[in-house]
There are 2 protein chains.
Amino acid sequence: MSSRSASPSSAPPSSGRITLREVARALGVSVATVSNAYNRPDQLSAALRERVLDTARTLGYGGPDPLARSLRRGRTGVIGVVYDAPLEYAFADPAAALFLGSLAQSLQAASLNLLLLASPGDPQTDPLAPVQGASVDGLIVYSAAQDSELLRAVLARSLPTVLVDQPVPVDQSVLGDQNGQPAQDHRAQTSGVQIDDAGGARLAAQHLIDLGHTHIGVLCLELGPRQGGGPVTPERERQVAYHPTAERLRGYREALAAGPSGTRLFLTEAERNTPSDGERCTLALLQSEPEITALLCMSDVLAQGALRAAHSLGLSVPQRLSVIGYDDLPGSADLKLTTVWQPTSEKGQQVGEAMLALLGGQIPPDVRLPTRLVVRGSTAARPKTGVQVNRLPSPP
Amino acid sequence: MSSRSASPSSAPPSSGRITLREVARALGVSVATVSNAYNRPDQLSAALRERVLDTARTLGYGGPDPLARSLRRGRTGVIGVVYDAPLEYAFADPAAALFLGSLAQSLQAASLNLLLLASPGDPQTDPLAPVQGASVDGLIVYSAAQDSELLRAVLARSLPTVLVDQPVPVDQSVLGDQNGQPAQDHRAQTSGVQIDDAGGARLAAQHLIDLGHTHIGVLCLELGPRQGGGPVTPERERQVAYHPTAERLRGYREALAAGPSGTRLFLTEAERNTPSDGERCTLALLQSEPEITALLCMSDVLAQGALRAAHSLGLSVPQRLSVIGYDDLPGSADLKLTTVWQPTSEKGQQVGEAMLALLGGQIPPDVRLPTRLVVRGSTAARPKTGVQVNRLPSPP
DNA sequence: CTGTTAGCGCATTCAA
DNA sequence: TTGAATGCGCTAACAG
């Protein structure tokens, strides 16, 4: 890759980058003095310090090497954010972007930067390599399947860790120690921040039930990593790997159980959290279940696709089809989307603060943030029975 | 912060983290062997390797310390992305998110991760510290004011660098060397990827002129870092610090110059690239210039705000007010927004590839990507003269 | 195949 | 105030 000479027994300022030592030598002072000029100005005279900084500039020395400094100090000033999906569409989700933005902001206050760690889509490379090999002071897990290798790898690093929208595993065996030596208890360094996923979902489903809907479609986020999408069988539903998905589903079911019997849910799983996938799922769902008059979407992004599908089908919203999202993205108001709001920015901030606390040696309590139903224009009472609800065109 | 004992002359496995050496000692082998077990499996017998890995696990050793490894190897596997704005709203811009996503994806192919480097909003901390102190193999500048301290600091690091939507400075003096020692020529390690900002802008303005509009409002992105926003005076216009803003403005002006005389532009500057700021600017602009029948927005985000403003003012789009955006975000199609498309994802990919090339010691040619006008439903011919175009309600 | 050695570039005791 | 010495934890020669 590079042809840099690697001479073990080398002449001093051989190639490329200038070091602190060379600056010291050029000035005839010790390395400690130069180091102090940068790190402890009070340890030398202002005049000398000025001289040091000056010749450093002259030599083109840009200050202490961050890497060496980190090694020596034992801190990197970097916090890793772990995704279990390729980053390409971590960013495609506005809710994720929002979260990251506020997280970054709260960490910046402590001069910490964010390192994005994503499992590569490429199955060649080890998906654990990023978390295992990152030089970071702490790790934030944005969404990892429960009981996954990835989560295990994160906890195995025994770094300050914050789990977002995901319970902190209590079982030490996640660390997979098999011999006598007990693994360190990661919980001392692990904290969690979650929203009331199930509660919000319950409110959403309740709202539709109150409006008289009896056949309700559900557009699910992924149930597990790299699975297919499509209709959700009961078995599949039992082994949901992503916690938010599981919780929202639970919320929907709870509302259903509390409502009039005879109401039914029709579940379908999106492959990705994108509008176009939401559209595709909606089309498929309405095709196979024409009696559906309302849709519960696990994200506003998916709901946006549902709205598109309704439009292309000529089904007016909310008269013929009610749609509810989740997240309440900025922009959802323009769409007049009824949805479940979650405090995305605050979540980012709380995560940042939890990390800061952990870094400071404290153990912050787990945080649980509320959700709310925001009723806008995309939901209405179920169309009267007897009317032909969905006139679906035959598939193209 | 922590009470870790720092004993210089210490007993071997004192506290906390296990090291490679301790694993070696526990096994009675040399450190090289343990290192090889991780890095060069072909250098030892499978059996021994297994034994090594086993006892490592037993001891709770999670593999070589990434930091020390980086120091030794001279590579970190991290690429820094530099913003000149607080990250909190770097993410708020979907175009930025899209770009970052595809960038991350293309870098992941080479097992590189992205470190987000933003100048803190907090004026206390040194805004250059992040770029100066980041342990990275390369730097990508997403948007920095021309001739800024920040840009200088980036180039001063003499790392492989890719400038996005921004010309590569040719003037060596940006490095600010004042003494005899000439600074290294950064251009050997610097490459640029841009879009045809001006061309797209020209098409947009041309489109409005062709439709007969004569009084055109312009919603500008920030002209320079941390400035006020509001009406743009000619002086301000002459010293635009952000290259894309300058180029788009130039494109608008070019179309104007080529069109019928008498057509006028009314410029206003947004403080931030957000819908609500776009809305605010639109309101202010239409208030002070009621003859405006069309708006050129420098981003779709701003255009979205313009649409909102038009809606709240009761001005129908496009009958009473034409609106053009810039970027063509996913979602803009749903808004039926006429806009200038740019290859955001491809840009990210090209930037990634340029960085990879630089890292490989090559010097990739600068890349220039095309833009296109996408005409949708938000633009139409200028309303007939004589009609009271804007009946503005008095300000609330 | 395995062990020894010499630093990567720096921050920090401690003695001067 | 300043300087000399000691690793942070690891990898890459090279010698055995």
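In the text below, chain A, chain B and the rest are named by the order of the sequence lines, each starting its count at 1.
An angle of 40°, rounded to 10°, separates the two end axes of the helix from C:dC1-D:dG16 to C:dA16-D:dT1, each defined over five pairs.
Using modelled atom types and a 3.5 Å distance limit, the side chains of B:Q146 and B:Q166 yield a donor-acceptor pair.
A donor-acceptor contact shorter than 3.5 Å is absent between the side chain of A:Q43 and the backbone of A:N36. The closest donor-acceptor contact from the side chain of A:T161 to the backbone of A:L159 lies under 3.5 Å. Of the possible polar contacts, none joining the A:R69 side chain to the A:P64 backbone as a donor-acceptor pair under 3.5 Å is found. Judged purely by atom type and a 3.5 angstrom limit, A:D137 has no side-chain atom pairing as donor or acceptor with the backbone of A:I79. For B:T55 (side chain) and B:T58 (main-chain N/O), no donor-acceptor pair under 3.5 Å exists by modelled atom type. At distances below 3.5 Å, at least one donor-acceptor pair connects side-chain atoms of B:R49 with backbone N or O atoms of B:A37. Without hydrogens or angle criteria, A:D366 side chain to A:S191 main chain gives no donor-acceptor distance under 3.5 Å. Under a 3.5 Å cut-off, the side chain of B:R75 and the backbone N or O of B:S70 do not form any donor-acceptor pair. Side-chain atoms of A:T33 never come within 3.5 Å of backbone atoms of A:V31 as a donor-acceptor pair (strictly under, hydrogens ignored). Although no hydrogens or angles enter the test, the distance criterion places a donor-acceptor pair under 3.5 Å between the side chain of A:N113 and the main chain of B:L116.
For the segment residues 40-53 of chain B, the set of residues with a heavy atom within less than 4.0 Å of an atom of DNA chain C comprises B:Q43, B:L44, B:S45, B:L48, in numerical order. Less than 4.0 Å separates DNA chain C from at least one heavy atom of each of the following residues of residues 26-35 of chain A: A:A32, A:S35.
When rounded to the nearest whole Å, the span between CG of B:L71 and C1' of C:dA11 equals 13 Å. Whole-Å rounding puts the B:Y61 OH to D:dG9 C1' distance at 8 Å. Between the CZ atom of A:R73 and the C1' atom of D:dC8 there is a distance of 13 Å, rounded to whole Å. Nucleotide D:dG9 holds its C1' atom 6 Å from the CG atom of B:D65, rounded to whole Å. In this structure, A:R75 atom CZ and D:dG9 atom C1' are separated by 18 Å, rounded to whole Å. Separating the CG atom of B:N39 from the C1' atom of D:dA12 is a distance of 10 Å, rounded to the nearest angstrom. Put simply, CD1 on A:I18 is 16 Å from C1' on C:dC10, counting in whole angstrom units. For B:L67 and D:dG7, the CG to C1' distance is 15 Å, given to the nearest whole Å.
Counting non-hydrogen atoms under 4.0 angstrom, B:N36 reaches nothing in the nucleic acid. Among the protein residues, A:L20 comes within range of the sugar-phosphate backbone only, with heavy atoms under 4.0 Å from sugar or phosphate atoms but none that close to a base. Within the nucleic acid shown, B:Y38 has no heavy atom closer than 4.0 Å to any nucleic acid atom.
Distance from the side chain of B:R69 is smallest for D:dC10 among the nucleotides C:dA11, D:dC10, D:dG9.
Between B:R57 and B:D54 a salt bridge is recorded (basic side-chain N to carboxylate O distance below 4.0 Å).
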